[in-house]
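Step one of this worksheet: look at the structure below.
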Amino acid sequence: MNNNISINTGEAATSKGSGVLETSGIGSCLVIILFDEKTNVGGMAHAMLPSRKSVANEQNMNKSAKYVDEAIDILVDDINKLGGDINNLKARIIGGAKMFKILSGDNRGIGFNNIEAAKKKLREVGIMIDSEDTGGTVGRIVKLDIKNGLIEVVKRM
Amino acid sequence: MQLNSAEQDKIKEVINIGVGQGLVAFTKMIDSQIDYEIPVIMIERVEDASRRLEISNTTKSVVLLQMKSDGEGFMMLTFSPETASQIATKMTGEASNFSNLLEMDKSALRELGNIVSGASFTAFNRFLDINVVQSPPDIATDMYTSLVHSILAEIGTLTDQILIIKVTFEIASFNSRGEFLFLFTPQATKNIIEATDRKLAGHE
């Protein structure tokens, strides 16, 4: 049985015990992975923007994995429902690149802001960042194997 | 944001005029016939746009320009790296390596973007009596999804919904295809439709 779950921008997914979660097209977006190695429960979210305060006129009022801060809330809730423990969770963050110089002008860009938003939110909820593969100017693809918590990051060489 | 069929037709007509002029300039620069298809129009939430466009992780070269003033949004000119390399070779007269575009190649492609978009926006502005201003161009080569998502995130700070217009074209002498992708905010879409209505009213 194929247990691969592919997630798109603005989406999150969780799984317990088995399955491979994957997402691609990570440019300035940030992928947040949370994993509880004691219960083998984990999840992945592909967020585009730091928070809904970043958007001039967001019409959708529901919590959304489009935003880094809300994506982390969604992952924590969903992992909790599957029997994971927030006290055991470790985070990995991937992405936040600056693909084009003209985007965001001279500012560090949305990618940088996404990374900072994730670090701030994870600090607030008490989840430690285990590793990060962030910044730069290249796109990424990432896979998470729920069986063992291993992740694979692919970049264009 | 919603567009009825009459409004979609107005947008297509305006894009046809702009893209037509842009491709005339393109044809002259590379000395090749270029044919293009009818524009395809979509309205989507920013996070759903790439799914709707059915873009893949294939590596592409994208020349990007930001549009400001009356037409806020982005314009992308997309090719395979091989086609980008062929274009650069034609423009510079120097052989180009598609797996490693040199600064001279990138500069030529940025200049292409500048000239093609300049011709397109001049046509838009004259036809509609509006003022769409373009940024200097930029170029990147990477997984197409990563490039598009980064641009969508940027426009996502302005709006949660965008108007997307895709125009596919074929470069005869390279036997290859490319595409224009326009992304407009709802306000820019409204400006274009109102300008079209004023133009039509002026002819009645």
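In what follows, chains carry the letters A, B, and so on, assigned in the order in which the sequence lines appear, proteins first and then strands, with residues in each chain numbered from 1. Just so it is clear, the values below take in all heavy atoms, side chains as well, and ignore hydrogens, waters and symmetry mates.
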Other residues, nucleotides, ligands: >12 heavy atoms within 6.0 Å of Glu194(B) CD
yes

Taking side chain as C-beta onward, heavy atoms only, is Asp142(B) less than 4.5 Å from Lys155(A)?
no

Those residues of residues 16-26 of chain A that come under 4.5 Å of chain B on a heavy-atom basis, listed by number, are Ser24(A), Gly25(A), Ile26(A)

Per-residue contact mode, Asn57(B) against chain A (heavy atom under 4.5 angstrom):
side chain

Given heavy-atom pairs under 4.5 angstrom as the criterion, report whether the side chain, backbone, both or neither of Tyr144(B) touches chain A.
neither

If you measure from CZ on Phe100(A) to CE on Met76(B), what distance do you get to the nearest 0.5 Å?
7.5 Å

Who pairs with Glu70(A) by side chain to side chain contact (heavy atoms under 4.5 Å, CB included), at least two apart in sequence or on another chain?
Arg52(A), Lys63(A), Ser64(A), Tyr67(A)

Shortest non-hydrogen pair, Val154(A) vs Met143(B), comes out as O-CE, 4.4 Å

Taking every heavy atom of Ser28(A) against every heavy atom of Ser150(B), the minimum-distance pair comes out as N-OG, 3.0 Å

Contact winner vs chain A - Thr141(B), Ile139(B), Val62(B), Leu152(B), heavy-atom pairs under 4.5 Å
Thr141(B)

Looking at Val148(B), Leu65(B), Thr59(B), which makes the most heavy-atom pairs under 4.5 Å with chain A?
Thr59(B)

Proximal to chain B - members of residues 112-123 of chain A, heavy-atom separation under 4.5 Å
none

Report the residues that fulfil side chain to side chain contact (heavy atoms under 4.5 Å, CB included) with Met42(B), sequence neighbours left out, ordered by chain and then residue number.
Val40(B), Arg52(B), Leu53(B), Ile164(B)

Do the side chains of Leu64(B) and Leu103(A) get nearer than 4.5 Å, heavy atoms only?
yes

Would one find more than 12 heavy atoms of other residues, nucleotides or ligands at under 6.0 Å from atom CG of Asn131(B)?
yes

Near Asn4(B) CG, under 6.0 Å, is it more than 12 heavy atoms from other residues, nucleotides or ligands?
yes

Tell me, yes or no, whether the heavy-atom count around Arg126(B) atom CZ, taken from other residues, nucleotides or ligands under 6.0 Å, exceeds 12.
no

Quick check: closest heavy atoms across Gly10(A) and Glu47(B), and the distance to 0.1 Å?
CA-CB, 4.4 Å

At what distance, to the nearest 0.5 angstrom, does CZ of Arg45(B) lie from NZ of Lys66(A)?
4.5 Å

Check the pair Ile151(B) / Met99(A) against side chain to side chain contact (heavy atoms under 4.5 Å, CB included), numbers first and verdict last.
CA-CA 9 Å; Ile151(B) 299 161; Met99(A) 308 294 291; over 6 Å; no

Within the supplied structure, the quantity of interest is the number of heavy atoms (other residues, nucleotides, ligands) at a distance under 6.0 Å from Glu103(B) CD; does it exceed 12?
yes

Given a strict heavy-atom distance threshold of 4.5 Å, which part of Ser56(B) is in contact with chain A: side chain, backbone, both, or neither?
neither

